[in-house]
Amino acid sequence: MASQITRDNLPDVLSQEELDDKIPAPIAPLPHLEGARRMGERLRTLFSESDWRADPNKPRERIPYYEALLTKNLSLRDQMIVRMELGNEQTRAGRPNQAVDTLEALVKLMDANLDKVPKQIQAQIHQELALAYLRMGEQENCVGMHNPLSCILPLHGGAVHQKRAGAEGAVHEYTKVLELNPDSYLARWLLNIGYMQLGRYPEDVPKQWLAPPERFESEYNIGNFPDVAGIAGIHAMELSGGTIVEDFDGDGLLDVMISSSGPLDPMHFFHNNGDGTFTDRTKEAGLADELGGLNMVLTDYNNDGHPDVLVLRGAWWGKFGEYPLSLLRNNGNGTFDDVTEEAGLMTAHPGQAAAWADYDGDGWLDLFVGHESKPDDVHPSQLFHNNHDGTFTLVKAPGAAPDKLGVNLGFVKGVAWGDYNNDGRPDLYVSAMFGRSFLFRNDGPRDREHPKAGDWTFTDVTEQAGLGGKRYTFPTWFFDYDNDGWLDIFAGGYSTTSMEDVGLFEFNKPNKASVSHLFHNNHDGTFKDVPHAAGLDRSITNMAGNFGDLDNDGWLDVYLGVGDSSFECLLAKPMFRNDRGAHFQDVTTSGGFGNLQKGHGIAFADIENNGNEDVFEELGGAFQGDRFMPVLYKNPGHGNHWVTLMLEGVRSNRAAYGARIRVTVRENGRARSIYRAVGSVSSFGGNSMRQHIGVGQANSIEEIEIWWPTSGIRQHFRNVQVDSTYQVREDTEALVPVALKSFEFGKTKIAVPPDEHIHMH
């Protein structure tokens with residue numbers, strides 16, 4: 001039976017005094033840029049004061065320590081351990097050439113004492129040296145000589161290394177590893193990559209270790225999406241981070257914002273110039289002091305029509321991850337202010353999961369933040385209610401039922417709001433690693449006659465919804481993948497037992513890596529887990545992801561940012577095309593999406609305003625030496641039709657989060673409906689607030705229905721012209737055509753809107 005969450009059975013996670021201490025009272029507004037300056041100062045201080053011996057972000061600080069140890073009179077065992085650690089730290093710090101020298105010296109030391117070193121340790125040392133060579137080759141070629149094909153699997157053309165020493169060293173060392181340990185599928189996989197880097201795959205790979213070329217075949221030809229980030233001027237060398245694609249200054253052009261998780265890494269704000277290029281305006285936007293951030297979440301928290309941004313920090317770092325989040329208020333003129341303090345959100349916990357929704361239907365977006373909590377390092381998640389004045393109140397025990405959402409929910413990696421039971425109230429799904437995930441049904445105010453934001457009831461329906469059990473999941477979202485009018489849930493599998501799982505997976509061998517879950521909504525409050533039938537169980541280490549419509553067929557496709565903090569975790573980023581809601585086809589290779597670098601924030605967006613959704617992805621790993629450039633995959637077009645809706649709430653929150661859209665078309669003589677839900681979208685990706693909806697071969701739209709749950713309004717617009725963009729307000733009876741400036745790279749043109757408004761019936 002589902003547990004009812006009331007004030008009488010709330011767990012005592014934190015006392016009232018502790019909660020008050022965690023969340024300071026809102027303060028008076030700060031002068032322009034002062035909030036960012038103070039935040040930057042705070043972040044730099046936190047980093048400078050952390051213990052260099054254990055902080056995962058300080059490999060460079062540990063290098064002199066190990067170098068000093070090598071000057072001591074060490075035993076053979078200790079000398080080997082120190083050299084191994086030094087080589088690892090040099091690789092993590094982005095010094096693979098030094099790591100190669102260190103580990104080559106270790107191999108010589110080992111070879112001189114081979115009778116004293118077990119084969120298992122010999123293989124491990126050669127594997128570490130192989131990895132240093134592999135990373136050296138990546139830095140010298142994929143980074144130092146970057147081009148649109150760099151690191152795109154299977155490697156060919158411009159992806160073949162011109163500076164060959166790294167790849168040659170990797171091939172030599174992985175061959176040694178396999179001679180010592182023929183059962184290492186990880187070494188087999190990375191050996192194949194080394195041969196690809198040399199342009200010698202598949203013909204020169206020893207047959208017993210060859211990764212079959214058919215492994216890289218696509219199930220459908222989606223058309224090549226070339227990476228145009230470089231020629232568009234989006235240049236940044238980042239670690240893992242977040243992505244948002246949105247029109248931040250109201251000029252009708254979609255800009256790009258990215259973050260990097262390095263504690264001292266600045267954000268980047270790329271302004272769209274409307275001619276196929278972007279300009280980095282980070283400093284001009286007031287964001288130069290906004291450091292770090294593994295994820296960012298789009299919002300309009302103050303209902304002013306200017307998209308705001310929430311930045312989340314500290315994920316994966318445990319006790320070293322108690323960094324504050326940031327709320328960045330968009331001033332509407334190309335600048336932002338850090339209003340974290342005055343908004344009452346100055347809270348510091350490790351995590352990168354947050355989502356916005358109007359949970360109590362008052363027309364303002366509230367905030368849920370999930371934290372990474374472990375038995376020895378507890379960080380309860382938090383629910384903040386929007387006070388309508390730019391500030392938030394933490395909904396806290398013992399006076400409010402929603403605080404069930406603020407208890408220790410485990411190691412939370414993703415959160416998403418969505419109305420799974422179509423009752424008009426947003427429900428919450430929490431994706432957690434190492435244990436149970438949660439579905440909380442929003443049951444509304446306890447006193448319906450006199451509702452209060454802090455007296456709301458959420459019910460844990462995880463078990464009765466069929467979502468129970470232990471899982472290891474990360475990114476999550478609600479979406480209607482089969483267009484039946486009911487929201488389904490995706491939760492990406494992440495964990496591995498070791499990096500050997502990566503090699504086993506690539507050779508299609510049994511492995512222990514967690515796969516993704518696709519929970520199909522049964523329309524009765526329950527879900528069925530169907531990832532295998534749907535084809536979405538064919539990826540591992542899913543760190544990020546998002547969805548959109550690549551070919552405008554009206555079915556939502558899925559792109560997954562895969563990887564792991566380990567340098568060995570080199571996997572192609574998989575793209576899955578939705579084949580009419582029945583199955584997801586792997587189109588990774590045909591589309592050119594399979595970058596080997598670590599995948600993070602992803603956004604689907606029609607950046608060129610030409611009716612086709614492009615795909616932007618922020619790439620980079622966890623360690624300082626695992627940086628990479630972002631990619632922007634340009635959509636080649638597929639000949640299908642589309643419509644874009646720009647929704648504006650009036651009685652509802654202005655961003656229209658929670659609104660539901662149904663588009664009815666007649667395609668090839670048959671009627672069908674296409675559904676969209678407006679909201680925060682993926683827990684690790686930032687699509688624009690614009691609702692881009694493909695309608696396939698339909699030449700016109702019979703009807704667009706928009707349901708605004710807060711007000712109860714249902715709008716109906718009939719006989720709508722396709723291949724057009726419209727603005728729609730909650731309180732109007734017409735779709736207003738919008739002229740957006742479209743462009744190809746280097747060529748500019750104006751899209752002319754239809755002459756007549758589309759009126760509601």
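Being a predicted model, the structure only gives us computed values, none of them experimental.
Legend: residues meeting side-chain hydrogen bond (donor to acceptor under 3.5 Å, both in side chains) with Thr277, ordered by chain and number and at least two apart, are Asn273, Asp275. Taking the ring pair (Phe, Tyr, Trp, His ring centres under 6.0 Å) definition, one finds that His692 meets it with Trp642, sequence neighbours left out. Among residues two or more places apart in sequence or in another chain, the side-chain hydrogen bond (donor to acceptor under 3.5 Å, both in side chains) test is passed with Ser431 by Thr473. With sequence neighbours left out, the ring pair (Phe, Tyr, Trp, His ring centres under 6.0 Å) criterion links Trp707 to no other residue. Legend: residues meeting ring pair (Phe, Tyr, Trp, His ring centres under 6.0 Å) with Phe628, ordered by chain and number and at least two apart, are His146. For Tyr633, the ring pair (Phe, Tyr, Trp, His ring centres under 6.0 Å) partners two or more places apart in sequence, or in a different chain, are Phe593. Val678 is linked by a side chain to side chain contact (heavy atoms under 4.5 Å, CB included) to Leu647, Ala656, Tyr657, Ala659, Ile661, Gln691, counting only residues two or more places apart in sequence or in another chain. With sequence neighbours excluded, the residues that form a side-chain hydrogen bond (donor to acceptor under 3.5 Å, both in side chains) with Asp377 are His379. Applying the side chain to side chain contact (heavy atoms under 4.5 Å, CB included) rule to Pro29 yields the partners Glu342; only residues at least two apart in sequence or on another chain are considered. Residues passing the side chain to side chain contact (heavy atoms under 4.5 Å, CB included) test with Arg690 are Asp247, Leu254, Asn609, Thr644, Met646, Ser688, Leu740, sequence neighbours excluded. For Glu618, the side-chain hydrogen bond (donor to acceptor under 3.5 Å, both in side chains) criterion is met by no residue, not counting sequence neighbours. With sequence neighbours left out, the side chain to side chain contact (heavy atoms under 4.5 Å, CB included) criterion links Ala544 to Phe684.
Ring pair Phe474/Tyr494 is perpendicular by interplanar angle, where above 60° counts as perpendicular and below 30° as parallel. Using cut-offs of 30° and 60° for the angle between ring planes, the His385 and His388 rings count as tilted. The aromatic rings of Phe547 and Trp477 are tilted relative to each other, their planes meeting at an angle between 30° and 60°. Ring geometry for Tyr301 versus Trp356: interplanar angle of 30 to 60°, hence tilted.
Interatomic distance, Asp389 CG to Phe392 CZ, rounded to the nearest 0.5 Å: 9.5 Å. Summarising the geometry, atom CZ belonging to Arg38 is positioned 13.0 Å from atom CG belonging to Leu43; distances are rounded to the nearest 0.5 Å.
Contact check on Glu617 versus Lys573 returns no salt bridge, with no Lys/Arg side-chain nitrogen under 4.0 Å from an Asp/Glu carboxylate oxygen. Look at Arg37 and Glu34 and you find a salt bridge, because one of the NZ, NE, NH1 or NH2 atoms lies within 4.0 Å of a carboxylate O, short of that distance. With respect to Glu730 and Arg651, no salt bridge is recorded, no charged nitrogen being found less than 4.0 Å from a carboxylate O. Taking a cutoff of 4.0 Å between a charged side-chain nitrogen and a carboxylate oxygen, Lys598 and Asp564 do not qualify as a salt bridge. Salt-bridge check for Asp419 with Arg425: failed, with every basic side-chain N at 4.0 Å or more from each acidic carboxylate O. Residues Glu290 and Arg313 are paired through a salt bridge, judged by an N-O separation under 4.0 Å between the basic side chain and the carboxylate.
Of the possible polar contacts, none joining the Asn610 side chain to the Ser742 backbone as a donor-acceptor pair under 3.5 Å is found. Side-chain N or O atoms of His235 include one that pairs as donor or acceptor with a backbone N or O of Gly230 at under 3.5 Å. Checked by atom type and distance alone, the side chain of Asn546 pairs as donor or acceptor with a backbone atom of Ile602 at under 3.5 Å.
Partner of Glu238 under the side chain to side chain donor-acceptor pair (under 3.5 Å) criterion, chosen from His268, Arg627, His600: His268.
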Check the pair Arg44, Leu291 against side chain to side chain contact (heavy atoms under 4.5 Å, CB included), reporting the backbone distance first and the verdict last.
CA-CA 8 Å; Arg44 292 184 181 93; Leu291 309 176; 3.7 Å; yes

Arg654 and Asp304: CA distance, side-chain angles, deciding distance, salt bridge (Lys or Arg N to Asp or Glu O under 4.0 Å) verdict:
CA-CA 7 Å; Arg654 185 157 178 174; Asp304 65 356; over 6 Å; no

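Between the side chains of Asn442 and Trp456, a donor-acceptor pair is found at a separation under 3.5 Å. For the 3.5 Å distance criterion, the side chains of Asn653 and Asn303 fail to qualify, holding no donor opposite an acceptor. Checking Asn542 against Ser516 by side-chain atom types alone, a donor-acceptor pair falls below 3.5 Å. For the residue pair Glu284/Thr335, the side-chain donor-acceptor check at 3.5 Å is not satisfied. Residues Asn57 and Asp55 bring a donor and an acceptor atom of their side chains to less than 3.5 Å of each other. Under 3.5 Å, the side chains of Ser260 and Asp265 contain a donor-acceptor pair of N or O atoms.
Nearest approach of Ala229 to Asp227, heavy atoms of both residues: N-OD1, 3.0 Å. What you find for Leu345 and Leu325 is that their closest heavy atoms are O-CD1, 3.4 Å.
Cation-pi contact between Lys58 and Phe47: present, with separation from the ring centre below 6.0 Å and deviation from the ring axis of at most 45°.
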